[in-house]
*Asks:* 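Sharing a structure here in structure tokens format.
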Amino acid sequence: MAEISRMIPILIELLSTIPLSNYILASGIIFLTLLYNFLEWHIAGDILRGFQGDKVCLTFNEASEIYHNVASKCRWLHSRYRVTPWLSSPHFQTAFINFLGNPPIFQYRREIFHVDDGGIIALDWLLASDVGEGRSNAKEGISKEDIIPIVVVIPGLTSDSASPYLKHLVYKVAQEGWNVVVSNHRGLGGISITSDYLYNAGWTEDFRVVINHLHQQYPTTPLFAIGTSIGANVLVKYLGEEGENTPISGAASVCSPWDLLICDRFITRKFMQRLYNTALTIGLKGYAKLHQSLFTRLADWDGIKRSRSVRDFDNYATCRVAKYETVDKYYRCCSSAHFVENVSVPLLCISALDDPLCTSEAIPWDECRGNKNIVLATTIHGGHLAFFQGIAANKLWWVGAVDEFLRVLHASPHMHGKRKEEDNSLHSSINGMEAGIFPDIGDGESINNLVNLSGSQVSTTEQEARISDDQTQLSIVAPGKDQYPADEQVQTDKTDMKIIRKMVGPMKKTLNQLSRKTSNSIWILAYIAIVTTWPFAGFIFSFIFKKKFKNILPKSVSHNQ
């Protein structure tokens with residue numbers, strides 16, 4: 001101890017000889033290092049890579065036609081995402097998009113949509129003609145026969161059509177020639193809440209009625225949908241609930257939380273995430289303040305005022321209004337990750353691995369890979385709904401990627417509506433066969449059309465050979481009426497129709513399954529030949545040999561025949 005006490009004055013004297021500027025410099029370096037890690041800066045890595053950015057990682061099913069025929073043709077998805085240098089932090093990006101964002105300036109057209117339960121939804125429109133060179137008159141709208149696609153956008157939590165990131169998206173899509181409508185959540189966009197229903201992370205009913213309304217109003221118009229943040233969770237959950245029964249042709253999900261329970265744990269884990277949690281809670285409490293009379297009646301107003309986190313708000317407000325027993329049950333029931341497997345619409349999902357709000361831990365990688373309709377695009381950087389690029393930070397990467405994907409999809413035969421029409425056409429053809437309405441295949445046209453619907457290819461020689469065989473077998477199907485007595489003919493027709501129905505029904509079911517699962521047209525042609533020829537061939541054979549065997553067979557058997 002004595003030696004240490006003697007060394008301390010010497011050490012202090014040595015340290016005093018170091019210039020004060022060196023101490024300031026060292027303190028600055030230590031502070032910047034801590035701040036660099038705290039804010040998750042990656043500017044140093046960007047400099048070392050020459051600001052080349054990182055490749056977009058695509059996750060998809062190997063047998064996915066949506067990837068091979070749509071996403072594979074999208075330049076944005078196969079390029080690199082280059083972050084704006086002075087925003088090389090997910091927190092800088094996320095803060096910038098919410099408080100500044102450089103949004104384009106334009107004016108929406110508002111439509112007030114009334115829901116059957118008494119609620120009101122503000123639909124804010126931006127038409128392609130509103131941002132073109134020759135801007136249209138404000139009174140002009142969309143005709144019922146219009147075929148220009150409509151893109152329906154679902155905002156995030158406490159966001160509305162005025163949010164900067166939505167303005168970037170809406171303006172880009174309209175500028176490229178499509179019409180866009182933002183479906184604001186209840187109570188947002190300057191609209192009062194007029195019923196006892198409030199939106200939440202799993203409330204899909206409002207979006208459902210809006211989509212059905214637009215489909216009824218514009219039946220010939222392709223409908224696309226884009227969801228952002230909580231709106232992305234709502235969109236994916238809706239698509240999973242509806243399956244094939246939706247008029248949406250294609251969709252995109254951007255920065256979805258996917259699993260609300262995991263994200264709830266995530267935003268309480270670190271100091272920065274707790275700051276975001278506080279900021280979101282302030283936004284939710286502000287939303288409740290706008291509609292205080294309703295929240296006072298339906299929820300726990302005192303509990304809302306005491307809320308310090310999103311979980312607290314959901315406990316005192318969301319769960320009570322939506323009738324969920326616990327917050328965890330609300331999160332589990334409303335997480336879109338549980339609905340991914342049932343999505344039947346071409347869907348592009350975009351997420352940033354450094355998203356400070358929606359953690360990558362919640363992304364359902366395997367479920368997305370298992371669904372042939374989904375392409376998942378992830379980037380290393382991007383923040384939450386930001387993805388700024390360019391020195392001026394005037395463009396959002398995800399906006400360009402989503403816009404390109406939907407346009408390539410629209411130009412392809414893989415839109416949900418087109419695939420459904422083809423399936424219906426195939427089923428109609430088989431139903432016509434079962435009812436006895438057989439196509440005239442003398443020129444081979446009907447069989448060619450049916451084969452083309454299955455997406456398969458058959459050589460011309462092979463088709464002609466099979467059509468020729470069918471002509472030979474079907475040419476003897478229609479004997480003249482004078483060949484049979486009237487009563488016997490009617491009875492025979494009834495018996496034969498029963499036989500036909502019994503045989504064609506299972507064949508039809510098998511053919512429908514086969515047409516969906518294989519691209520080999522020879523099997524389809526084989527089943528068509530069996531369905532169309534076997535009942536009649538059996539009928540002809542029984543007629544020819546009936547008289548020969550009539551005297552040989554016992555009377556009871558002959559009578560049954």
Side-chain angles (χ1 to χ4, degrees), residues 39-43 46 53 76 81-108 110 122 124-126 130-131 151-176 180-185 188-190 226-232 252-257 272-273 275-280 282-284 286-287 350-358 377 379-404:
L39 296 177
E40 300 178 56
W41 259 329
H42 47 82
I43 183 68
D46 294 343
W76 288 79
Y81 167 56
R82 297 175 175 84
V83 185
T84 297
W86 50 277
L87 290 175
S88 294
S89 162
H91 307 295
F92 284 178
Q93 292 223 41
T94 303
F96 192 76
I97 191 63
N98 284 285
F99 296 106
L100 296 172
N102 292 331
I105 300 173
F106 57 85
Q107 189 74 30
Y108 285 110
R110 171 150 292 187
D124 287 332
W125 290 84
L126 185 67
D130 294 337
V131 297
V151 178
V152 188
V153 181
I154 314 176
L157 188 68
T158 70
S159 296
D160 57 21
S161 57
S163 300
Y165 70 90
L166 285 183
K167 285 194 168 184
H168 276 282
L169 171 65
V170 170
Y171 189 81
K172 170 68 174 178
V173 175
Q175 193 177 40
E176 296 294 331
V180 194
V181 56
V182 180
S183 179
N184 293 287
H185 299 296
L188 291 173
I226 302 173
T228 57
S229 192
I230 287 295
S253 160
V254 184
C255 294
S256 173
M272 282 301 296
Q273 274 63 49
L275 290 180
Y276 286 111
N277 196 1
T278 302
L280 290 173
I282 293 172
L284 288 170
Y287 169 72
I350 295 179
S351 292
L353 300 184
D354 66 351
D355 191 320
L357 290 173
C358 301
T379 60
I380 295 178
H381 305 298
H384 186 69
L385 295 173
F387 298 85
F388 282 104
Q389 56 182 175
I391 296 297
N394 56 0
K395 291 190 300 183
L396 306 184
W397 175 85
W398 69 266
V399 170
V402 167
D403 179 73
E404 183 184 35

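If you read the sequence from its start, that first residue is 1, and numbering goes on from there. For clarity, every value in this text was computed on a predicted model and none was experimentally measured.
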*Asks:* To the nearest 0.5 Å, how far apart are CG in Leu385 and CG in Leu396?
*Replies:*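 The CG atom of Leu385 sits 9.0 Å away from the CG atom of Leu396.
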
*Asks:* Measure the spacing between CH2 of Trp397 and CZ of Arg82 and express it to the nearest 0.5 Å.
*Replies:*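 Nearest 0.5 Å value for the CH2-CZ distance: 12.5 Å.
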
*Asks:* Indicate yes or no: at least one non-hydrogen side-chain atom of Pro257 is less than 4.5 angstrom from one of Ile230.
*Replies:*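 Yes, side chains in contact.
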
*Asks:* Quick one, Trp86 with Phe96, criterion ring-ring contact (aromatic ring centres under 6.0 Å, His included). Give me CA distance, side-chain angles, the key distance, then yes/no.
*Replies:* CA-CA 11 Å; Trp86 50 277; Phe96 192 76; 5.5 Å; yes

*Asks:* Could you measure the distance from the NE2 atom of His168 to the CD1 atom of Ile97? Nearest 0.5 Å is fine.
*Replies:*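 So the gap between those two atoms works out to 5.0 Å.
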
*Asks:* Which of parallel (below 30°), tilted (30 to 60°) and perpendicular (above 60°) describes Trp41 and Phe92?
*Replies:*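 Trp41 vs Phe92 ring planes: perpendicular.
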
*Asks:* If you measure from CD1 on Ile154 to OG on Ser253, what distance do you get to the nearest 0.5 Å?
*Replies:*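 One finds 9.5 Å between CD1 of Ile154 and OG of Ser253.
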
*Asks:* Looking at every non-hydrogen atom in both residues, tell me the closest pair between Ser256 and Ala232 and how far apart they are.
*Replies:*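 Smallest interatomic distance, heavy atoms only, reads CB-CB, 3.6 Å.
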
*Asks:* Under the rule for ring-ring contact (aromatic ring centres under 6.0 Å, His included), what residues qualify as partners of His185, not counting sequence neighbours?
*Replies:*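 In terms of ring-ring contact (aromatic ring centres under 6.0 Å, His included), with neighbours along the sequence ignored, His185 is linked to Tyr199.
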
*Asks:* Just do the side chain to side chain contact (heavy atoms under 4.5 Å, CB included) check on Trp398 and Cys255 with the steps written out, would you?
*Replies:* CA-CA 10 Å; Trp398 69 266; Cys255 294; over 6 Å; no

*Asks:* Verify side chain to side chain contact (heavy atoms under 4.5 Å, CB included) between Asn102 and Phe388, making sure each step is shown before the conclusion.
*Replies:* CA-CA 10 Å; Asn102 292 331; Phe388 282 104; 5.6 Å; no

*Asks:* Report the C-alpha separation of Val83 and Gln93 in whole Å, then their side-chain angles, then the decisive distance to 0.1 Å, and conclude whether the side chain to side chain contact (heavy atoms under 4.5 Å, CB included) test is met.
*Replies:* CA-CA 9 Å; Val83 185; Gln93 292 223 41; 3.2 Å; yes

*Asks:* Is the closest side-chain heavy-atom distance between His384 and Pro90 below 4.5 Å?
*Replies:*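 No, side chains not in contact.
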
*Asks:* Rounded at 0.5 Å granularity, tell me how far CG in Leu126 sits from CG in Leu166.
*Replies:*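 Interatomic distance, Leu126 CG to Leu166 CG, rounded to 0.5 Å: 12.0 Å.
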
*Asks:* Taking all heavy atoms of Asp403 and all of Glu176, pick out the closest pair and write down the distance.
*Replies:*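 In this case the closest contact between Asp403 and Glu176 is OD2-CG, 3.6 Å.
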
*Asks:* So do the side chains of Leu169 and Val254 get within less than 4.5 Å of each other, counting heavy atoms only?
*Replies:*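 Answer no - side chains too far apart.
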
*Asks:* Listed by chain and number, what are the side chain to side chain contact (heavy atoms under 4.5 Å, CB included) partners of Lys167, not counting sequence neighbours?
*Replies:*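 Testing Lys167 for side chain to side chain contact (heavy atoms under 4.5 Å, CB included), a comparison that skips the adjacent residues, returns Pro103, Pro104, Phe106, Tyr108.
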
*Asks:* Please examine the side chains of Pro85 and Ile391, heavy atoms only from C-beta on, and report whether any two atoms are closer than 4.5 Å.
*Replies:*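 Side-chain contact under 4.5 Å: yes.
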
*Asks:* Would you confirm whether Ser89, through its side chain, and Leu39, through its main-chain N or O, come within 3.5 Å as a donor-acceptor pair?
*Replies:*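 Yes: the side chain of Ser89 pairs with the backbone of Leu39.
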
*Asks:* Carefully, step by step, assess Trp76 and Val402 under the rule side chain to side chain contact (heavy atoms under 4.5 Å, CB included).
*Replies:* CA-CA 9 Å; Trp76 288 79; Val402 167; over 6 Å; no

*Asks:* So, Asp354 side chain and Gly383 main chain: donor-acceptor pair closer than 3.5 Å or not?
*Replies:*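 Indeed, once roles are kept as given, a pair shorter than 3.5 Å links the two residues.
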
*Asks:* Donor-acceptor pair, distance only, cut-off 3.5 Å: does the side chain of Thr94 make one with the backbone of His91?
*Replies:*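 Looks like no, no N/O pair under 3.5 Å.
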
*Asks:* Roughly how far, to the nearest 0.5 Å, is OG1 of Thr84 from NZ of Lys395?
*Replies:*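 Separation between the atoms: 9.5 Å.
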
*Asks:* Please identify each residue that fulfils side chain to side chain contact (heavy atoms under 4.5 Å, CB included) with Asp160, with sequence neighbours left out.
*Replies:*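 Ala162, Ser163, Asn184, Leu188.
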
